[in-house]
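Each remark here refers to the structure printed beneath this line.
Side-chain atoms are counted along with the backbone in the values below, which use heavy atoms only and exclude waters and symmetry mates.
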There are 2 protein chains.
Amino acid sequence: MARQKKFTTEELYVQTKHLLLEHGYDGFSFSQLAEKLNVARSTIYKYFENKEELATAYMLYEMNKFLKDLETIHDYSTFNDQLDYLLDLMFDQPEIQQLILIGQSIPIEESSRARKNHEQLEKLHLDMYEQLDGFVKLGKENGHIRPQIPNSLVLGYIFQSIAIPNHEDIPYREWAESIKDVIRHGLFK
Amino acid sequence: MARQKKFTTEELYVQTKHLLLEHGYDGFSFSQLAEKLNVARSTIYKYFENKEELATAYMLYEMNKFLKDLETIHDYSTFNDQLDYLLDLMFDQPEIQQLILIGQSIPIEESSRARKNHEQLEKLHLDMYEQLDGFVKLGKENGHIRPQIPNSLVLGYIFQSIAIPNHEDIPYREWAESIKDVIRHGLFK
DNA sequence: CTTCTTTGTGACATATGTGTCACTTTAAAT
DNA sequence: ATTTAAAGTGACACATATGTCACAAAGAAG
């Protein structure tokens with residue numbers, strides 16, 4: 001070791017997240033990030049080749065965190081508890097789908113270090129999908145979820161629900177319960 | 001009149017839409033747009049002061065079109081027909097919520113021509129909300145929609161549903177019917 | 001044909017972003 | 001105290017975006 005770092009990878013990722021959410025991938029720049037971290041722009045190049053590599057590395061980090069949390073779903077035995085857990089998980093990080101979307105807008109150059117990250121990211125994506133697909137299948141087998149609804153719609157529906165803007169500022173608990181209710185039973189009487 | 005225009009406002013808006021959806025507001029530039037339209041970049045400055053004004057003008061155009069379509073909802077008498085019409089409308093332009101989101105990420109400078117556009121845009125937004133809110137109220141009064149669900153959640157659901165990615169490429173008609181079904185009756189048996 | 005007006009353009013000055021590199025700073029190891 | 005290597009920086013060359021303006025091009029009106 002020599003000389004203390006001025007920022008941790010963790011801090012870098014936190015700022016990256018904010019900037020990506022605010023400006024999107026195209027609008028995100030090393031200049032902005034360096035300013036947020038109070039370092040020179042060139043410092044960041046010590047750790048990442050370019051925007052592409054940084055962004056994919058960050059997405060990988062975020063995805064791994066999410067998947068780790070997702071595994072905990074197996075601690076719950078009933079389908080209803082699992083659904084509750086999944087929804088709470090997503091409520092805790094409502095930005096996750098937007099980030100995944102931004103992640104998909106990263107253009108991957110041939111033969112870049114980012115390629116590896118990108119490939120691994122696709123693996124994690126598949127992992128996630130399989131986890132969730134298994135969950136939906138269980139729900140159908142156990143007779144909770146109506147079997148004629150396509151699995152991808154079930155999952156999409158759950159994911160998108162979290163992104164509904166709470167413009168009326170309804171208290172978290174009440175809002176979350178309403179969403180769970182609508183997911184289960186729809187809008188109609 | 002003098003000299004023919006090389007592009008119509010319509011064409012300009014179409015390209016603007018594509019670029020905004022692809023790159024987001026921050027990633028969008030006059031250079032890209034000029035290239036798409038096969039004109040010099042400076043030509044666009046003849047019609048718009050800057051990116052800000054162009055983007056707000058475009059959003060205004062898009063919003064007006066959408067609201068005009070939305071009015072047609074009154075041609076349908078029953079709540080169920082109105083809901084069907086609304087959902088079909090949104091299926092026809094699934095980009096609308098993403099565009100609205102992008103529109104909200106336009107930073108409005110003080111004392112710019114874009115201010116006027118922006119204020120008018122907010123009015124249209126309110127119009128839209130009132131239209132839709134009225135629709136939901138009707139649904140509750142007529143006993144179709146469960147009254148305990150917040151109105152904004154009902155609307156959020158309808159809007160967000162359209163954005164669910166159809167990864168399995170299920171045929172349009174079937175997919176749309178499934179979504180309508182889930183919105184009405186939820187995922188559970 | 002000349003004039004007028006709209007439409008379009010290239011070039012300039014300026015700003016911001018990118019990637020690199022020789023160099024400095026700083027803390028640990030000897 | 002000296003050496004070493006990681007961590008950090010300013011500056012350079014280059015690319016791209018911005019806004020402006022004097023001027024060119026092209027139809028319409030006279």
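- The base of D/dG19 sits within donor-acceptor range of the side chain of B/Arg41, with an N or O pair under 3.5 Å.
- Within the nucleic acid shown, A/Phe48 has no heavy atom closer than 4.0 Å to any nucleic acid atom.
- In this entry the distance linking CG of A/Asp26 with P of C/dT16 reads 19 Å, nearest Å.
- For the pair B/Arg146/A/Asp181, a side-chain contact is recorded, criterion being any heavy-atom separation below 4.5 Å from C-beta on.
- Put simply, NE2 on A/His23 is 14 Å from C1' on C/dG17, counting in whole angstrom units.
- Among the atoms of the strands shown, only primed sugar atoms or phosphate atoms (P, OP1, OP2) are found under 4.0 Å from some heavy atom of A/Lys5.
- We find that CZ of B/Phe28 is positioned 12 Å from C1' of D/dA17, with the value rounded to whole Å.
- Checked against a 6.0 Å centroid threshold, the rings of A/Tyr45 and A/Phe30 count as neighbours.
- Between B/Ile44 atom CD1 and C/dG10 atom C1' the separation is 15 Å, expressed in whole Å.
- The pair A/Asp26-A/Lys51 does not meet the salt-bridge criterion, since no charged nitrogen lies less than 4.0 angstrom from a carboxylate oxygen.
- Taking atom CG of residue A/Leu12 and atom P of nucleotide D/dA7, one finds them 14 Å apart after rounding to whole Å.
- A salt bridge links B/Lys65 to B/Glu62: one of the charged nitrogens lies within less than 4.0 Å of a carboxylate oxygen.
- For the pair B/Lys140 and B/Asp133, the salt-bridge criterion is not met [side-chain N within less than 4.0 Å of a carboxylate O].
- Of the side-chain N and O atoms in B/Tyr47, one or more sit less than 4.0 angstrom from OP1 or OP2 of C/dG8.
- OP1 or OP2 of D/dA17 lies within a sub-4.0 Å distance of a side-chain N or O belonging to B/Ser31.
- In this model, no side-chain donor or acceptor of A/Arg3 finds a partner on the base of C/dT26 within 3.5 Å.
- At whole-Å resolution of the value, NZ in A/Lys51 and P in D/dA15 are 18 Å apart.
- Remark: B/Lys6 is in phosphate contact with C/dT9, judged by side-chain N or O atoms under 4.0 Å from OP1 or OP2.
- Within 4.0 Å (heavy atoms only), A/Thr43 reaches at least one base atom of the nucleic acid.
- Within the model, atoms OH of A/Tyr58 and CZ of A/Phe28 stand 10.0 Å from one another, a figure rounded to the nearest 0.5 Å.
- A salt bridge does not link B/Asp127 with B/Lys123: every distance from a Lys NZ or Arg NE/NH1/NH2 to an Asp or Glu carboxylate oxygen is 4.0 Å or more.
- Residue A/Ser42 is classed as a base contact, given a heavy-atom separation below 4.0 Å to a base.
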Dot-bracket for DNA chain D, please, read 5' to 3', with Watson-Crick or G-U wobble pairs under 3.5 Å on both distances, ( ) within the strand, [ ] crossing, | other strand, . unpaired.
-> ||||||||||||||||||||||||||||||

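- Closest contact between the side chain of B/Ala40 and the listed nucleotides C/dT18, C/dT9, C/dA27 involves C/dT9.
- Between the CD atom of A/Glu35 and the P atom of C/dG17 there is a distance of 9 Å, given to the nearest Å.
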